[in-house]
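What follows is one structure encoded as structure tokens, with my remarks underneath.
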Amino acid sequence: LLTGKRQSLGRGYRWWDRRWEFGKAFTRGDYFVFLEEGSAVRAAGLMGPGETPISLAEMGERPWRFRSSGIAAGNFLRAAPRVHALGPEGVTPAGRRSRRAQLLEAFKEAPLPLIDFFIKEGDEELPFLRSLMTPGSWYWIGVRPRGTSDDRLPVYLGSPETGADLRSPRSLQFLEAVPPFFEYRLRDIFSLAHILDAGEEEGFGGEGTPPPDKPRDGDEPGSEPLALQREVRHRRLLSGEA
Amino acid sequence: MAAVRTRKAIAGPDLDRIAGVSPLASVSAIRGVRVFDVGQGDSIAVLGQVDGRVAPVLQLDYGGRQGSPFKDPADIDGRMPVPAGQLLMLSHWDEDHWCTAKKGSVAKAAKWLVPRQVTSPRAVLFSAGLEDIHCIPERYVGQPLRFSAPNGDYILCEKIGPFAGPFAKDEDCNRTGVAMAVVRLGPQGAEAILLPGDAPFDKARIFTQLAQENVRLRGIVAFHHGAGTHWTEATEQLLTQWPKCDPHDVIFSCSATNSYGHPDRAKYGKLLPNARFHETANARAGGKQHIDMLF
């Protein structure tokens with residue numbers, strides 16, 4: 001499950017199938033992106049993701065911008081096997097520290113650009129995008145070179161740390177849901193699971209105060225958020241452990 | 001009688017014990033807040049009286065994106081100093097609330113206390129690079145967490161919404177982050193400055209509790225950089241009915257030009273007609289690096 005090799009969890013399911021790997025289903029220019037916001041913006045004075053000015057003359061005064069950050073699919077597929085899944089049993093101080101080290105090692109050379117794509121207000125596809133694209137969710141997009149008569153949606157990539165902006169837009173070739181197992185890995189890896197709670201171990205806080213009368217689900221020792229519980233049950237069912 | 005009601009309503013776990021630091025232990029009085037000009041975003045220091053001088057004692061957010069004024073890392077560190085080991089809290093994980101820390105160096109050496117949220121891969125990798133960072137335990141969601149100064153002044157924090165797990169979809173990080181209020185016990189009663197981050201005012205119980213306890217409103221750093229969206233009737237009622245200090249101030253922390261059209265001055269002007277309004281962008285135009293709102 002964790003090595004990236006072809007997997008069958010006891011019943012023939014191939015969650016990490018070689019067909020999905022870089023150079024096959026995924027090509028250069030494919031990204032997994034986390035949507036940060038989608039909103040109408042003012043075209044005048046608009047800055048790209050690398051904080052350099054961009055021009056969207058053809059988009060009108062109030063285009064919609066879908067701002068995401070993400071990782072090239074190939075980079076993620078190469079790095080993900082080096083980060084072990086951190087299920088409920090792994091959420092310990094030692095498990096969190098191990099996760100942190102794995103994150104820093106696995107992604108030390110992987111760019112994580114900001115990626116903006118734009119659509120004109122009133123475009124017939126805007127209602128679809130507004131309805132489908134939800135901040136806090138992951139998507140699989142294809143970004144390709146833009147031709148002279150290209151009418152696909154313009155995409156800008158950049159990094160505010162380096163100021164490196166692609167000043168000429170590329171084109172959004174496609175927008176897809178992330179295949180389920182990849183979404184599981186994206187959400188698990190790009191989580192704050194590596195950060196300890198204050199008081200989780202000695203040295204930062206004491207938590208000498210009593211908990212409230214009605215703690216949330218998942219707050220008691222040994223209990224985890226319901227979504228995670230469901231995921232673990234599902235995996236165990238598939239692997240025949242349940 | 002009023003004092004008894006205040007103590008009962010706003011009592012909560014000591015954040016000193018949860019965080020393991022006491023930022024107000026050596027503070028003789030809370031003096032106010034300093035809102036730095038960072039362009040589009042937030043970076044706010046709580047100011048205290050320490051050994052006869054005014055000093056930053058706690059940092060909330062360290063952001064700024066579009067229209068950032070900083071020339072280089074040294075410029076960031078010089079304008080927004082954070083002593084090593086000082087507490088730095090995040091209101092939430094939107095990049096315009098933390099990204100300047102990535103470019104500078106002093107903030108990385110702070111003691112970070114943050115909300116656990118679904119967030120971006122950039123935020124995750126940034127946080128992994130910090131040596132001293134912890135999350136507010138989820139068991140305290142919805143509770144007023146309190147730092148207290150020896151003279152009775154205090155800071156209230158609240159994680160306003162629960163983290164539903166990394167696989168939960170549609171988490172709105174503006175509604176699961178941290179809101180803060182800085183309270184001074186002045187000669188005419190308690191006064192508060194509200195630091196809501198990007199959260200609508202009425203989502204923070206600490207704010208409604210302070211209003212109910214007649215803690216007068218000294219000022220606000222406008223939520224979401226002065227956005228005119230996500231206003232509710234409850235927010236408008238809360239702000240219009242809140243007993244206010246004279247004067248009272250509103251600070252908009254945003255860049256002079258921004259793609260969002262922040263701030264919505266008319267919205268605030270209608271609800272707080274007697275307030276004094278300030279913008280970090282105007283401070284820059286006047287040669288200033290920050291705006292202080294003092295009690």
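The chains referred to below are lettered A, B, ... by the order of the sequence lines, with proteins before strands, and numbering in each begins at 1.
Contacts between L192(A) and chain B at a heavy-atom distance below 4.5 Å involve backbone atoms as well as side-chain atoms. Residue R99(A) does not touch chain B at all, counting heavy-atom pairs closer than 4.5 Å. Only the side chain of S39(A) comes within less than 4.5 Å of a heavy atom of chain B; its backbone N, CA, C and O stay farther away. With a threshold of 4.5 angstrom between heavy atoms, P73(B) does not approach chain A through any atom at all. Interface residue S137(A): only side-chain heavy atoms are found under 4.5 Å from chain B. In this structure, the portion of A193(A) lying under 4.5 Å from any heavy atom of chain B is its backbone and not its side chain. Proximity to chain A is absent for every atom of L15(B), based on heavy atoms less than 4.5 angstrom apart. Only the side chain of R67(A) comes within less than 4.5 Å of a heavy atom of chain B; its backbone N, CA, C and O stay farther away. With a 4.5 angstrom heavy-atom cutoff, Q66(B) touches chain A via backbone and side-chain atoms both. Proximity to chain B is limited to the backbone of I189(A), based on heavy atoms less than 4.5 angstrom apart.
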> Does the pair F107(A) and V124(B) meet the rule for a side-chain contact (heavy atoms from CB on, under 4.5 Å), with working shown?
Replying inline: CA-CA 11 Å; F107(A) 295 98; V124(B) 169; over 6 Å; no
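Electrostatic pairing of R116(B) and D197(A) counts as a salt bridge here, judged by a charged N lying under 4.0 Å from a carboxylate O. Using a cut-off of 4.0 Å between Lys/Arg side-chain N and Asp/Glu carboxylate O, R97(A) and E131(B) are scored as not salt-bridged.
For the pair P137(B) and A198(A), the tightest heavy-atom approach, listed with the atom from each and the gap, is CG-O, 3.4 Å. The two residues A128(B) and L103(A) come nearest to each other via the heavy atoms CB-CD1, 4.2 Å.
Sparse packing is recorded around CD of E61(A), with 12 or fewer heavy atoms of other residues, nucleotides or ligands lying under 6.0 Å away.
Within the structure, salt bridge (charged side-chain N to carboxylate O under 4.0 Å, His left out) pairs that include any residue of residues 90-101 of chain B comprise E95(B)-R122(B) (at least two apart or interchain).
Here the side chain of R65(B) pairs no donor or acceptor atom with the backbone of E51(A) at under 3.5 angstrom.
Counting only heavy atoms from C-beta outward, the side chains of P121(B) and W138(A) approach each other to under 4.5 Å. Side-chain contact between L125(B) and F190(A): present, with at least one pair of heavy atoms (C-beta onward) separated by less than 4.5 Å. With a 4.5 Å cut-off on side-chain heavy atoms, I195(A) and W112(B) do not count as touching.
Between the OG atom in S127(B) and the NE2 atom in H194(A) there is a gap of 3.0 Å [rounded to 0.5 Å].
Taking K108(A), E183(A), R187(A), E36(A) one by one and counting their heavy-atom pairs under 4.5 Å with chain B, the maximum is reached by R187(A).
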